[in-house]
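First the proteins, then the strands, lettered A, B, ... as listed; each starts at 1. As the structure is a computational prediction, the values presented were derived from the model and not from experiment.
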Protein chains: 2
Amino acid sequence: MQTTPKPKQRDAEATRKRILAAAKKEFAKSGLGGARVDDIAERANANKRMIYHYFGGKEDLFQAVLEEAYTDIRTAEQKLDLDRLPPREALETLVRFTWDYYLKNPEFITLVNSENLHRAKHLKKSEVIPVVSRRFVSMVKTLLDRGVAEGVFRPGIDETQLNITIAAIGYYYLTNRYTGAIVYDRDLMAKDALEQRVDFNIDTVMRLVCLEP
Amino acid sequence: MQTTPKPKQRDAEATRKRILAAAKKEFAKSGLGGARVDDIAERANANKRMIYHYFGGKEDLFQAVLEEAYTDIRTAEQKLDLDRLPPREALETLVRFTWDYYLKNPEFITLVNSENLHRAKHLKKSEVIPVVSRRFVSMVKTLLDRGVAEGVFRPGIDETQLNITIAAIGYYYLTNRYTGAIVYDRDLMAKDALEQRVDFNIDTVMRLVCLEP
DNA sequence: TTATGAAGTAACTAGTTAGTGCGTTAATCG
DNA sequence: CGATTAACGCACTAACTAGTTACTTCATAA
């Protein structure tokens, strides 16, 4: 086999990755409609022609960005390894993780918003999304069942409703932070405001799920 | 593209209203960036020039649409007259109203999303938004205080956190219904799914706020 | 009856945008 | 080495888009 590969002048995979990363930023900043192909190319330090070469078109590129964003968060969730923790700690870990992930990856939220404006047109075409999604939902289902079996969670809670609620209380706060700052006349992104919110969210979910909060 | 029947006579106020209504639909459908001024004019059965005549430009029109959308929901909330109800009933009424309003006025959600993509640039310029917002926040604050005084609500709950949570659990479900349908592999807009969700949301808030849920 | 200004219109401008044709250059391999 | 393939870049276009210009039509007050 070959030894250390020489640094290449031309590197298809590296160019592809630069385009994908640049596209993620631009789509997150301006949405699918507002993003400019020329700007993506410039940010990627690539020629616009390469976008069409590697991805086909603007919408195909958007789909690729979305798929990566979804598999990234689903992969990170699996790494939490909730099975090793007692149910209550596992649930708190999940709520805190979801909040932290949205906070550190704000482009995920904007991409999902943009995709919903387009009625999930691109996600519908994806092969990989249903697979990673099922694994995620069953992870929470397993946790819920375990908590009920151990007598610490209320029985009968639907895992989808819980998932949606855990996402909602973090997602909404962050995606609407600009209008929220005006409506509630507060800096919602101040350090203490963020801490207050995650504590409030954990409390909300614990009271919803646990028998003795 | 549906159009509104054109009145035979000249009517400045009617034309303005037609433009505003058409703009609301187009901005909700495509966002600020995706909406087309020509399409708004066509839908309103007005000449494009009239948009510039009455509103100044595309962004000013967007601001006018936003202001109307916010004052509409805030007005509807005030009409609930929560003071006439016992605290628990008042709280449930508020949660159900918020859900129903988002469900019946989906354009509100899309407009707010679009405005947040633009970092509340237009809402910041508004004179009327802070006024109606304060009235709304204090309405919930009053309810919370009353519930605590009557010994049915937990003390120490922040009215802004509660407001955000009540909005979040409805808003997120509805705004992300397209991607949600794929991730959770369900028809989130089926009649029974909607009923299940509003019940779940009321339960979530009651457990969060009430001393004996 | 008519002068006046607001309501309304069509065609246009200047700039932008996604997508492409085609030539060039580097890597790979017999 | 020479030839083939894939990566890359320039310069272009056809379609689109916010905003404007120059004009006509109509209601009404004097």
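- Rounded to whole Å, atom C1' of D:dC26 lies 13 Å from atom CE of B:Met50.
- Between B:Asn45 atom CG and C:dA10 atom P the separation is 11 Å, expressed in whole Å.
- Here B:Tyr54 does not reach the OP1 or OP2 of C:dA6: none of its side-chain N or O atoms lies under 4.0 Å away.
- One atom, CZ of B:Arg18, and another, P of C:dA7, lie 13 Å apart when rounded to the nearest Å.
- For the side chain to side chain contact (heavy atoms under 4.5 Å, CB included) test with B:Asn113, the passing option among B:Leu111, B:Ile109, B:Asn116 is B:Ile109; the others fail.
- Judged by distance alone, the side chain of A:Asp158 and the main-chain N or O of A:Gln161 form a donor-acceptor pair under 3.5 Å.
- In terms of the salt bridge (Lys or Arg N to Asp or Glu O under 4.0 Å) criterion, residue partners of B:Glu59 (sequence neighbours excluded) are, by chain and number, B:Lys121.
- Using a 4.5 Å heavy-atom cutoff, the side chains of B:Tyr54 and B:Leu20 are not in contact.
- The CD1-P distance, from A:Ile19 to D:dA7, rounds to 11 Å in whole Å.
- Residue B:Thr15 has no polar side-chain atom (N or O) positioned under 4.0 Å from OP1 or OP2 of C:dA7.
- Dashed line: the shortest gap from a side-chain N or O of B:His53 to OP1 or OP2 of C:dA6 is not under 4.0 Å.
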Query raised in the report: Reading nucleotides 17-22 of chain C 5' to 3', which nucleotides get B (base under 4.0 Å from a protein heavy atom), which S (sugar-phosphate only), which -?
Result: SBBBBB
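- The side chain to side chain contact (heavy atoms under 4.5 Å, CB included) test with A:Phe62 singles out one residue from A:Glu115, A:Lys24, A:His118, and that residue is A:Glu115.
- Within a 6.0 Å radius of NZ in B:Lys125, other residues, nucleotides and ligands contribute more than 12 heavy atoms.
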